[in-house]
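Have a look at the structure below before the remarks.
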Amino acid sequence: MRIQLLTTCFAAVLATTAQIPFVKGKAIDDKLTEMGMGADSVSLTFTASKAATASRADLEVAFGDVVITETRGWLESAYVKFAPYPGATSYHVYLKGGQYGNAYTLLDEPLVRNYGSYGRADAVGLRPATDYQFRVVPLDVEGNEISSAASETSAVSVEPYNREGFAHFNYNSGVGAYLDDGTLKPGAVVVYVTASTAKSVTAKLSSGTFTGLQAILSAYEKGNVTHPLAVRVIGCLSAEDMDRLGSSAEGIQLKGRSNSTPLNITFEGIGDDATLKNMGMLIRNAQSVEVRNIGILYCLDDGLSFDTDNLHCWAHHVDIFYGRNKGGDQAKGDGSLDVKGNSQYVTFSYCHFWDSGKSSLCGMKSETGPNYITYHHNWFDHSDSRHPRVRTMTVHAYNNYYDGVAKYGAGATTGSSIFMDRNYFRNTNKPMLISLQGTDTKMGTDLKDAPSFSGEDGGMIKAFGNVFAEKSSSFRYATYQQNAVEFDAYEVSTPEEAVPATVVSKQGNSTYNNFDTNPQLMYVYTADAAADVPARVTGWTGAGRMAHGDFQWTFDNAKEDRNYAVIDELSAAVKNYRSSLLGIFGAEPEQTDTTGQGGTTDPIEGVIFCTFDKSGQPSTTFFTVNGNGSNSKGTATVDGQTLTTCLKMESSTSIRFTLTQPMTMTLYFGDTETASIKINGRKIVGTSSTYTEQLPAAEYELTKDKSVNLFAIKLVPEA
């Protein structure tokens with residue numbers, strides 16, 4: 001029997017007006033008949049979200065004793081969802097087709113997860129093919145397969161990732177841990193990470209065995225690890241779950257000794273709900289690093305920062321949400337996705353920016369090149385500015401969707417060259433800017449540096465085939481052909497047309513370097529017509545995580561197209577996000593996150609004592625700290641011990657933690673200081689250098705009241 005599902009997404013159990021109980025064996029047919037739905041073929045229609053309806057396809061699901069509720073292929077991956085089988089304690093899930101041929105191959109245990117009302121298994125690292133099939137087999141209490149209850153799915157198709165862009169230009173060995181055919185590189189080590197295992201996960205690498213996620217990544221910093229590495233994140237991984245943070249400013253750090261040696265690391269999410277929370281990622285001195293299919297929520301500073309001397313790196317299908325509110329132009333966090341510090345041959349594709357304030361800074365002032373960067377098929381969803389904002393670098397931006405951009409689209413400064421190629425601008429008043437000329441000089445007061453978004457020498461923009469839709473009365477875009485001095489871009493009639501050397505920026509006399517017309521410098525690519533970009537970017541294999549992820553939000557265009565303030569409701573939803581993952585079948589269950597901050601709610605045992613190093617890094621990951629440290633602010637005496645390093649309480653300083661039981665907190669300031677701080681915005685002033693208060697179970701944030709120095713925090717469980 002087959003059920004034809006007319007939808008793209010079949011939610012947890014059966015999201016219909018009539019729900020079918022999950023029963024075994026032939027009782028499925030009986031139950032359908034009882035409900036008047038017929039046993040031969042049934043059409044079910046579901047309520048779909050905005051993201052789900054972006055692309056529709058009929059899904060065929062084969063039934064056996066285990067009820068398969070959905071199966072589908074995506075990009076070099078596929079998944080199956082199934083209803084709980086009565087009495088089963090776990091499941092084996094097999095896959096055949098593609099590189100596995102006709103023989104079923106058992107998936108790794110961590111890929112088979114429990115979401116309570118349904119189970120789900122994802123297969124990744126698949127070579128594109130049309131014949132993949134899953135087999136789901138329940139296990140009894142003794143771990144034996146109940147073969148008679150096994151179910152197989154119908155065949156699904158798996159598509160390739162789009163590997164166009166500078167990251168793959170003249171680089172045929174595959175960026176990250178995967179080959180260009182989608183399969184793992186020979187000798188690759190695979191690490192599965194959940195909130196419960198981030199501290200204990202181990203990896204045996206060529207230079208030794210390492211425990212803890214950051215410790216595993218840090219093993220590559222000496223340049224002597226030869227194994228490719230695939231880090232597979234399952235569920236929500238928060239800063240509080242980590243063994244430590246490689247970067248106190250950003251969070252997880254991927255760093256090589258230099259970019260001359262490939263790291264061959266892929267950092268990827270599994271399924272549609274893999275997220276990093278309360279942290280982002282810093283990539284430095286890295287060759288061959290890939291970040292894919294993951295969400296970043298409430299990061300410390302930047303979501304993804306390709307900071308220094310990176311080479312052949314690729315970030316794609318990433319959802320980037322609000323970061324920490326630091327006030328001013330960082331109310332939505334700092335940069336969402338930045339690339340700088342002489343990074344070369346980098347591609348950002350199919351990323352979804354959710355109301356970002358400053359989407360992407362590209363370049364600083366010290367780059368020496370060749371700094372070639374690609375942005376393609378990204379969804380700038382009601383984000384504000386920097387799409388990208390380019391200094392010194394050479395950028396190809398094609399087929400991006402500018403969806404209700406409040407401030408400006410792309411900006412060229414400091415001698416940069418940008419080819420704006422067949423992008424779609426919906427209600428974007430200032431799609432392209434060159435510093436200190438054209439529309440930039442008529443900006444008004446809606447940007448920090450008005451009337452200029454930069455104040456630096458100009459760069460140069462070449463434009464072809466872009467679409468400007470839903471233009472308002474304040475839309476501004478001037479071509480060189482319209483005004484040879486006050487222009488925003490040089491418009492060409494074909495992509496192959498070069499920009500004459502006589503076309504220069506008003507400030508700095510910058511010219512366009514015509515990289516895109518030189519086959520020795522430019523990759524081969526196939527661009528969509530700009531009119532097709534919204535459907536492509538918002539479709540099934542479009543921007544963001546698989547199926548657009550488990551976080552859903554619908555923007556009110558009438559209100560949010562021109563709004564560049566924080567959306568309070570969206571901010572609260574981002575802060576309070578938690579995964580619905582219960583655990584991996586056959587393993588200990590994940591602790592349910594009831595705090596909204598990621599991580600677990602394990603009972604706290606014993607005293608928690610935290611000090612700070614001279615950079616402000618806490619001695620325990622129980623606390624998430626954003627701030628600066630010092631070793632020249634005096635001393636503090638704590639239980640007879642003299643401490644010499646502290647955290648400076650400044651306007652940007654934040655200490656966040658969650659208590660799952662009542663505790664007594666003592667704060668230790670400098671011996672010559674008077675305790676002063678804000679606890680969740682409430683001002684506290686002590687009578688000495690210490691302050692003690694009983695705290696109930698709740699979320700807490702410590703911030704500045706006065707300029708003092710915090711040397712230590714002690715938390716003692718109440719009896």
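- Rounding to the nearest 0.5 angstrom, the gap separating the CD1 atom in I373 from the CD1 atom in I418 is 11.5 Å.
- A search for side-chain hydrogen bond (donor to acceptor under 3.5 Å, both in side chains) contacts involving E109 returns nothing, not counting sequence neighbours.
- Remark: the backbone N or O of Y577 is paired with a side-chain donor or acceptor of K277 at under 3.5 angstrom.
- A donor-acceptor distance shorter than 3.5 angstrom exists from the side chain of H376 to the backbone of E164, with no hydrogens or angles considered.
- Listed by chain and number, the residues in a side chain to side chain contact (heavy atoms under 4.5 Å, CB included) with S77 are W74, V124, M546 (sequence neighbours excluded).
- In this model, a donor atom of one side chain and an acceptor atom of the other lie less than 3.5 Å apart for D421 and Y525.
- In this model, no donor atom of one side chain and acceptor atom of the other lie less than 3.5 Å apart for H317 and Y161.
- Sorted by first and then second residue, the salt bridge (charged side-chain N to carboxylate O under 4.0 Å, His left out) pairs involving residues 244-271 (not counting sequence neighbours) are R232-E268, E268-R292.
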Using residues 168-175 as the side-chain source, report each donor-acceptor pair under 3.5 Å to any protein atom, sequence neighbours left out, with the distance given to one decimal.
unit_1 : atom_1 : unit_2 : atom_2 : d
H168   : ND1    : R163   : O      : 3.4
Y171   : OH     : Q287   : OE1    : 3.0

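- Taking the six-membered ring wherever Trp is involved, the centroid distance between the rings of F82 and Y91 falls below 6.0 Å.
- Remark: the Y375 side chain and the S360 side chain contain an N/O donor-acceptor pair separated by less than 3.5 Å.
- For the residue pair Y79 / D272, no side-chain donor-acceptor distance below 3.5 Å is found, with atom types taken as modelled.
- Between Y398 and H377, the two ring planes are perpendicular [angle over 60°; tilted spans 30° to 60°].
- A salt bridge is absent between D338 and K358; no separation between the charged side-chain nitrogens and carboxylate oxygens falls under 4.0 Å.
- The residues R284 and D307 are annotated as salt-bridged, a charged nitrogen and a carboxylate oxygen being separated by less than 4.0 angstrom.
- Between D334 and K326 there is no salt bridge, since no side-chain N of the basic residue sits under 4.0 Å from a carboxylate O of the acidic one.
- Side-chain N/O atoms of S349 and W314 include a donor and acceptor closer than 3.5 Å.
- Looking at S654 and N626, their side chains never bring a donor and an acceptor atom within 3.5 Å of each other.
- Under the 3.5 Å distance criterion, the side-chain polar atoms of T374 are matched with a main-chain donor or acceptor of F166.
- Counting only N and O atoms by type, the side chains of E240 and T624 include a donor and acceptor under 3.5 Å apart.
- Pairs engaging residues 204-230 under the salt bridge (charged side-chain N to carboxylate O under 4.0 Å, His left out) rule: none recorded [sequence neighbours left out].
- With rounding to the nearest 0.5 angstrom, the CG atom of N259 is 9.5 Å from the NE2 atom of H312.
- With sequence neighbours left out, T347 forms a side-chain hydrogen bond (donor to acceptor under 3.5 Å, both in side chains) with no residue at all.
- Although no hydrogens or angles enter the test, the distance criterion places no donor-acceptor pair under 3.5 Å between the side chain of N371 and the main chain of G363.
- Under the 6.0 Å cut-off for aromatic ring centres, H387 and F353 do not qualify, their centroids lying 6.0 Å or more apart.
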